[in-house]
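Every heavy atom of this structure was used, including side-chain atoms; hydrogens, water molecules and symmetry mates were not. Counting convention: from 1, in listed order, for ligands and their atoms alike.
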Amino acid sequence: MPTESDATQEARRYLEVCNACRYCEGYCAVFPAMTLRREFSTGDMQHLANLCHGCKGCYHSCQYAPPHAFGINLPSSFATIRNESYEQYAWPPALGNVFKRNGTVVSLVAALGIALALILTAVIQDPGVLYGAHAGPGAFYQVIPWWLMVVLAGGSLGFSVLALTVGAVRYWRGTGSKPGPVIAPAADATVDILTLRNLGGGGHGCNDTDEGFATHRRWSHQALMYGFLLCFASTSVATVYDHWLALEAPYAFLSLPVQLGTWGGALMLLGVIGLTWVKIVTDPVPVAKHLAGGEFALLALLFLVAATGLLLLGIRHTGAMGVLLAIHLGLVLSLFVTLPYSKMVHGLYRGLALYRSAQEKRTMKASSSD
Ligand code: SF4
Ligand code: SF4
């Protein structure tokens, strides 16, 4: 068992005050989950930290926030504990260290991904093919062979899915989560995730930048999440077209894969721009500033993936397609590889925390109605 961190001890002290105060009870899922406990184990602290979505509502409304002597600042401490939980439960365990310098690691992986894709393409491809214009079915595979795309994309995504699955099991066990009802809590958590209900702050929004309420962060996050899912759907539909319908890319602009990818890419760009703006202008006190590098690096990577995908659509019939295709593929591979080792992993742990919270609420409700 690792030694408990300063952030965990600090947040536990805050929660002991919060459990007596309870002013923020209706703000988010954290406070109802807190009231179910009298004591907070390390696993409980990690669970509550992953349940927190960093709206800062409890900071801006707290009479004990800095400069008060209690110095209660839950959003900042919870952000640090979340990052520590990503590090602790990462698989393979040695790779958990990448969360210590996440901005540097994500930037390096992105640069290496681009370099690797460009070098591989240049090595295996004749310059006349790489810099030539290609059109018609199979044009992309004339530049980067189908087998190479499958090996690189399938290998990196397959490894990340394995790492995320093992990480999820390690997190679930490590935070002391117990078996319980499955279907109804899973449905509750799915609705919470798809609507990002907790980022709505009960309707008026969150304290995105200061003590005023706004919904910029919620809508930007929605745009990014749904944009990412649309792009994933685009790739999945294209795979079905290619392997089961024998229709090779590139596809017409109005085809399903291109439409899904275009709308998905545009939403991702909007989401990244919105989230970056909120991060730049927000009040820095209730924020864990040491984590900003990793967050900005991931936003930059997501921006580049979406931007190069859209640009590829615009210039796919020109001689620039080959190099841009290699750059886009390198960026996508970097994103796949960093899924378990960047802020992207928060979606998994937040989902598990919402599921556990829904389980606890339903178990409580059932036992009080008995
Ligand atoms: S954050 Fe402050 S106001 Fe909110 S419950 Fe805790 S002590 Fe009370
Ligand atoms: S920052 Fe928002 S989500 Fe996190 S504990 Fe405070 S009120 Fe809840």
Tell me: protein heavy atom nearest [atom], and distance?
| atom | value |
| --- | --- |
| atom 2 (Fe) of ligand 2 | Cys55 SG, 2.3 Å |
| atom 8 (Fe) of ligand 1 | Cys21 SG, 2.3 Å |
| atom 6 (Fe) of ligand 1 | Cys18 SG, 2.3 Å |
| atom 1 (S) of ligand 2 | Lys56 N, 3.2 Å |
| atom 4 (Fe) of ligand 1 | Cys24 SG, 2.3 Å |

Query raised in the report: Any N/O/S of Cys62 under 2.8 Å from atom 8 (Fe) of ligand 1?
Result: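 No, outside the cut-off.
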Query - Under 4.0 Å to a heavy atom of Gln63 - the qualifying atoms of ligand 1, by number - result: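 Counting from 1, the qualifying ligand atoms are 3 (S).
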Report task. Go through ligand 1 atom by atom and flag the ones less than 4.0 Å from a non-hydrogen atom of Tyr23. Result ->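 With Tyr23 as reference, the close atoms of ligand 1 come out as 3 (S), 5 (S), 8 (Fe).
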Query raised in the report: Quick one: which of Glu10, Met34, Arg37 gives a side chain to side chain contact (heavy atoms under 4.5 Å, CB included) with Leu15?
Result: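 Among Glu10, Met34, Arg37, the one that satisfies the side chain to side chain contact (heavy atoms under 4.5 Å, CB included) with Leu15 is Met34.
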Query - Within reach of ligand 2, part of Cys28 (heavy-atom separation under 4.0 Å) - result: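 Side chain only.
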Query raised in the report: For atom 6 (Fe) of ligand 1, does an N/O/S atom of Cys58 lie at less than 2.8 Å?
Result: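 False for Cys58.
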Requested in this report: For Cys52, take its heavy atoms, then give the atoms of ligand 2 lying under 4.0 Å from any of them.
Outcome: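 Answer for ligand 2: 1 (S), 3 (S), 4 (Fe), 5 (S).
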Requested in this report: For ligand 1, indicate whether the residue Tyr64 contacts it via side chain, backbone, both or neither (heavy-atom separation under 4.0 Å).
Outcome: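 Looking at Tyr64 and ligand 1, just side chain atoms fall under 4.0 Å.
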Query raised in the report: Given His53, His60, Met34, which has its nearest heavy atom closest to atom 3 (S) of ligand 2?
Result: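 Going through His53, His60, Met34 one by one, His53 has the nearest heavy atom to atom 3 (S) of ligand 2.
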Query raised in the report: Hey, is Asp192 close enough to Arg197 for a salt bridge, meaning N to O under 4.0 Å?
Result: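 Answer for the salt bridge query: yes.
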